[in-house]
S.K.: 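One structure is given below, represented as structure tokens, and several questions about it will come after.
Computation of the quantities below employed the complete heavy-atom set of this structure, encompassing side-chain atoms and omitting hydrogens, waters and symmetry-equivalent molecules.
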Amino acid sequence: SSMRLNQFTRLVGDRIVLVPYEKHHVPKYHQWMSDPQLLEATASEPLSLEEEYAMQESWRKDDDKLTFIILDKQKYEHSEKDEVSSMVGDVNLFIAEGQAEVEIMIADKEQRKRGFGTEAVQMMLGYALEEYDAEIEFTAKIGQDNESSIKLFTDNFGFAVESVSEVFREISYKLPREKHQRFRDFFREKVRKEKIEEEGGHPSA
């Protein structure tokens with residue numbers, strides 16, 4: 001199916017590497033998600049480890065969701081490509097009716113303010129535009145108090161306010177279409193796409 005395009009794709013950027021969310025990432029991801037602040041920031045429910053494995057499995061099969069785990073490229077390269085020790089967050093697209101809602105999380109507080117989130121969103125949007133080449137509209141929902149995310153999406157990327165929900169205390173943003181080319185160019189110039197071999201195999205050179 002079209003949406004699971006990234007199942008065997010690794011994207012290599014300047015500071016980060018994006019890899020599909022796999023079983024071996026789950027324990028660390030679950031550990032992150034036991035942090036009340038992260039749960040609140042991502043509007044998530046706490047899950048048991050079993051539920052987290054089930055969630056990973058469903059995301060992998062889900063045609064409407066594209067998920068990458070964000071790795072610190074320097075750590076990844078210096079740890080003989082140990083993905084788990086290099087994990088810093090994740091980036092998601094939820095796709096429905098031509099709209100793709102972007103979510104970014106840098107889980108590790110030490111890793112914030114290093115440009116990882118910025119690069120992850122640029123890579124993800126560029127990847128989606130390159131791969132799906134559909135008339136996709138990018139949206140984002142951000143908590144009213146989340147100043148760093150608001151700044152990232154508005155100042156850095158040019159997302160514009162669509163609506164404000166007082167009930168959920170969040171703001172909905174949309175990326176104007178004329179900004180798409182910037183992300184396409186970024187992807188073409190700055191990102192290397194690599195193929196990952198089937199389950200557990202070593203990536204082909």
S.K.: Please evaluate residues M55 and S58 with respect to the criterion side chain to side chain contact (heavy atoms under 4.5 Å, CB included), reporting the C-alpha separation (whole Å), side-chain torsions for both, the decisive distance (0.1 Å), and the verdict.
M.R.: CA-CA 5 Å; M55 184 74 97; S58 74; 4.3 Å; yes
S.K.: Going by heavy atoms in the side chains, are V121 and F153 under 4.5 Å from each other?
M.R.: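 A side-chain contact exists here, since the closest heavy-atom pair is under 4.5 Å.
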S.K.: Hey, quick one: are F157 and F94 part of the same hydrophobic cluster, counting side-chain heavy atoms closer than 4.5 Å, chains of contacts allowed?
M.R.: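 Shared cluster, no.
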S.K.: Who passes salt bridge (Lys or Arg N to Asp or Glu O under 4.0 Å) against R169, sequence neighbours left out?
M.R.: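 Applying salt bridge (Lys or Arg N to Asp or Glu O under 4.0 Å) to R169 gives D145.
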S.K.: With a 4.0 Å cut-off on N to O distance, would you call R184 and E189 a salt bridge?
M.R.: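 No, no charged N to carboxylate O under 4.0 Å.
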S.K.: Distance from E45 atom CD to E51 atom CD, nearest 0.5 Å?
M.R.: 10.0 Å
S.K.: If I compare all heavy atoms of E137 with all of L175, which pair ends up nearest, and what's the gap?
M.R.: OE1-O, 4.0 Å
S.K.: Test of understanding: with side-chain contact (heavy atoms from CB on, under 4.5 Å), list the residues that count as partners of E50, not counting sequence neighbours.
M.R.: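 E50 satisfies side-chain contact (heavy atoms from CB on, under 4.5 Å) with S48 only.
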S.K.: Only counting residues at least two apart or in another chain, list the ones meeting side chain to side chain donor-acceptor pair (under 3.5 Å) with D14.
M.R.: none
S.K.: I'd like to know whether L66 forms a side chain to side chain contact (heavy atoms under 4.5 Å, CB included) with M124, so could you lay out the CA-CA distance, the side-chain angles of the two residues, the decisive distance to 0.1 Å, and finally the verdict.
M.R.: CA-CA 9 Å; L66 190 57; M124 182 62 124; 4.1 Å; yes
S.K.: Consider only side-chain heavy atoms of I, L, V, M, F, W and Y, link residues closer than 4.5 Å, and tell whether L152 and I171 are in one cluster.
M.R.: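 Shared cluster, yes.
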S.K.: Using modelled atom types only, decide if a donor and an acceptor are shared between the side chain of E119 and the backbone of R15 within a distance under 3.5 Å.
M.R.: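 Indeed, once roles are kept as given, a pair shorter than 3.5 Å links the two residues.
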S.K.: Closer than 4.0 angstrom, basic N to acidic O: yes or no for R192 and E194?
M.R.: yes
S.K.: Could you tell me the separation between the CD atom of E170 and the CD1 atom of I142, rounded to the nearest 0.5 Å?
M.R.: 9.5 Å
S.K.: Once rounded to the nearest 0.5 Å, what's the spacing between atom CZ of R188 and atom NZ of K190?
M.R.: 13.5 Å
S.K.: Go through the structure and list residues passing side-chain contact (heavy atoms from CB on, under 4.5 Å) with P176, not counting sequence neighbours.
M.R.: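 Scan of P176 (side-chain contact (heavy atoms from CB on, under 4.5 Å), adjacent residues dropped) gives E178, K179.
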S.K.: Does the side chain of D90 come under 3.5 Å of the side chain of Y21 through a donor N or O and an acceptor N or O?
M.R.: no
S.K.: With sequence neighbours excluded, what pairs up with R182 under the salt bridge (Lys or Arg N to Asp or Glu O under 4.0 Å) test?
M.R.: none
S.K.: Are the side chains of P20 and I196 in touch, meaning some heavy atoms are under 4.5 Å apart?
M.R.: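 Sidechains of I196 and P20: in contact.
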S.K.: Any side-chain donor-acceptor pair under 3.5 Å between H25 and Q56?
M.R.: no
S.K.: Measure the spacing between NE2 of H180 and CG of D185 and express it to the nearest 0.5 Å.
M.R.: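 Rounded to the nearest 0.5 Å, the NE2-CG separation comes to 13.0 Å.
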S.K.: Using 0.5 Å steps for rounding, measure from the CE atom of M87 to the CG atom of D82.
M.R.: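 M87 CE to D82 CG: 10.5 Å, rounded to 0.5 Å.
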S.K.: Are I95 and K65 packed together at the side-chain level, in the sense that at least one heavy-atom pair is separated by less than 4.5 angstrom?
M.R.: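 Answer no - side chains too far apart.
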S.K.: Can you give each donor-acceptor pair under 3.5 Å made by side-chain atoms of residues 99-106, sequence neighbours left out, with the distance rounded to 0.1 Å?
M.R.:
from	atom 1	to	atom 2	distance (Å)
E101	OE1	K141	NZ	3.2
E103	OE1	N92	ND2	3.1

S.K.: What pairs with F116 under ring-ring contact (aromatic ring centres under 6.0 Å, His included), at least two apart in sequence or on another chain?
M.R.: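 Result, ring-ring contact (aromatic ring centres under 6.0 Å, His included) vs F116: none returned.
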S.K.: In this structure, would L38 and F168 fall into the same cluster of hydrophobic residues linked by side-chain contacts under 4.5 Å?
M.R.: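 Different clusters: L38 never reaches F168 through Ile, Leu, Val, Met, Phe, Trp or Tyr contacts under 4.5 Å.
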S.K.: Please give me the minimum heavy-atom distance between Q122 and F183, naming the atom from each residue.
M.R.: CA-CD2, 3.9 Å
S.K.: Rounded to the nearest 0.5 Å, what's the gap from CZ on R177 to CD1 on I136? Could you check?
M.R.: 9.5 Å
S.K.: Please identify each residue that fulfils salt bridge (Lys or Arg N to Asp or Glu O under 4.0 Å) with D72, with sequence neighbours left out.
M.R.: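 Once residues adjacent in sequence are excluded, the partners of D72 under the salt bridge (Lys or Arg N to Asp or Glu O under 4.0 Å) criterion are R114.
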S.K.: Test of understanding: with side chain to side chain donor-acceptor pair (under 3.5 Å), list the residues that count as partners of H78, not counting sequence neighbours.
M.R.: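 Scan of H78 (side chain to side chain donor-acceptor pair (under 3.5 Å), adjacent residues dropped) gives none.
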S.K.: Taking only residues two or more places apart in sequence or in another chain, which ones pass salt bridge (Lys or Arg N to Asp or Glu O under 4.0 Å) with K23?
M.R.: E57
S.K.: With a 4.5 Å heavy-atom cut-off, do S148 and N146 have their side chains touching?
M.R.: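 S148 vs N146: side chains touch.
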S.K.: Would you please classify the geometry between the Y127 ring and the F187 ring as parallel, tilted or perpendicular, with 30° and 60° separating the classes?
M.R.: tilted
S.K.: Are the side chain of K73 and the backbone N or O of G13 linked by a donor-acceptor pair below 3.5 Å?
M.R.: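 Here the side-chain-to-backbone pair exists.
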S.K.: Before giving the answer on ring-ring contact (aromatic ring centres under 6.0 Å, His included), spell out for F138 and F159 the whole-Å C-alpha distance, their side-chain angles and the decisive distance to 0.1 Å.
M.R.: CA-CA 9 Å; F138 293 106; F159 276 68; 7.4 Å; no
S.K.: Search all heavy atoms of Q144 against all heavy atoms of V164 and return the closest pair with its distance.
M.R.: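 Heavy atoms only, the tightest pair is NE2-CG1, 3.4 Å.
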S.K.: If we only count heavy atoms from C-beta on, is the L125 to L93 side-chain gap below 4.5 Å?
M.R.: yes
S.K.: If you look at every heavy atom in I70 and A120, which pair is closest and at what distance?
M.R.: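 Looking at all heavy atoms of both residues, the shortest contact is CD1-CB, 3.6 Å.
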S.K.: Can you list everything that forms a side chain to side chain donor-acceptor pair (under 3.5 Å) with E162? Sequence neighbours excluded, please.
M.R.: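 With sequence neighbours excluded, E162 shows a side chain to side chain donor-acceptor pair (under 3.5 Å) to no residue whatsoever.
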S.K.: Side chain to side chain contact (heavy atoms under 4.5 Å, CB included) between L49 and V26: does it pass, once the steps are laid out?
M.R.: CA-CA 8 Å; L49 185 58; V26 171; 4.0 Å; yes
S.K.: For V84 versus H24, what's the shortest heavy-atom pair and its separation?
M.R.: CG2-O, 3.3 Å
S.K.: Could you tell me whether E77 atom CD has more than 12 heavy atoms of other residues or ligands within 6.0 Å of it?
M.R.: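 More than 12 within 6.0 Å, yes.
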S.K.: Considering only residues two or more places apart or on different chains, which pairs with a residue in residues 30-39 satisfy side chain to side chain donor-acceptor pair (under 3.5 Å)?
M.R.: D35-K109
S.K.: If you look at every heavy atom in M123 and V12, which pair is closest and at what distance?
M.R.: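 Of all heavy-atom pairs spanning M123 and V12, the closest is CE-C, 3.9 Å.
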S.K.: Step by step, work out the side chain to side chain contact (heavy atoms under 4.5 Å, CB included) result for S172 and S165.
M.R.: CA-CA 8 Å; S172 296; S165 163; over 6 Å; no
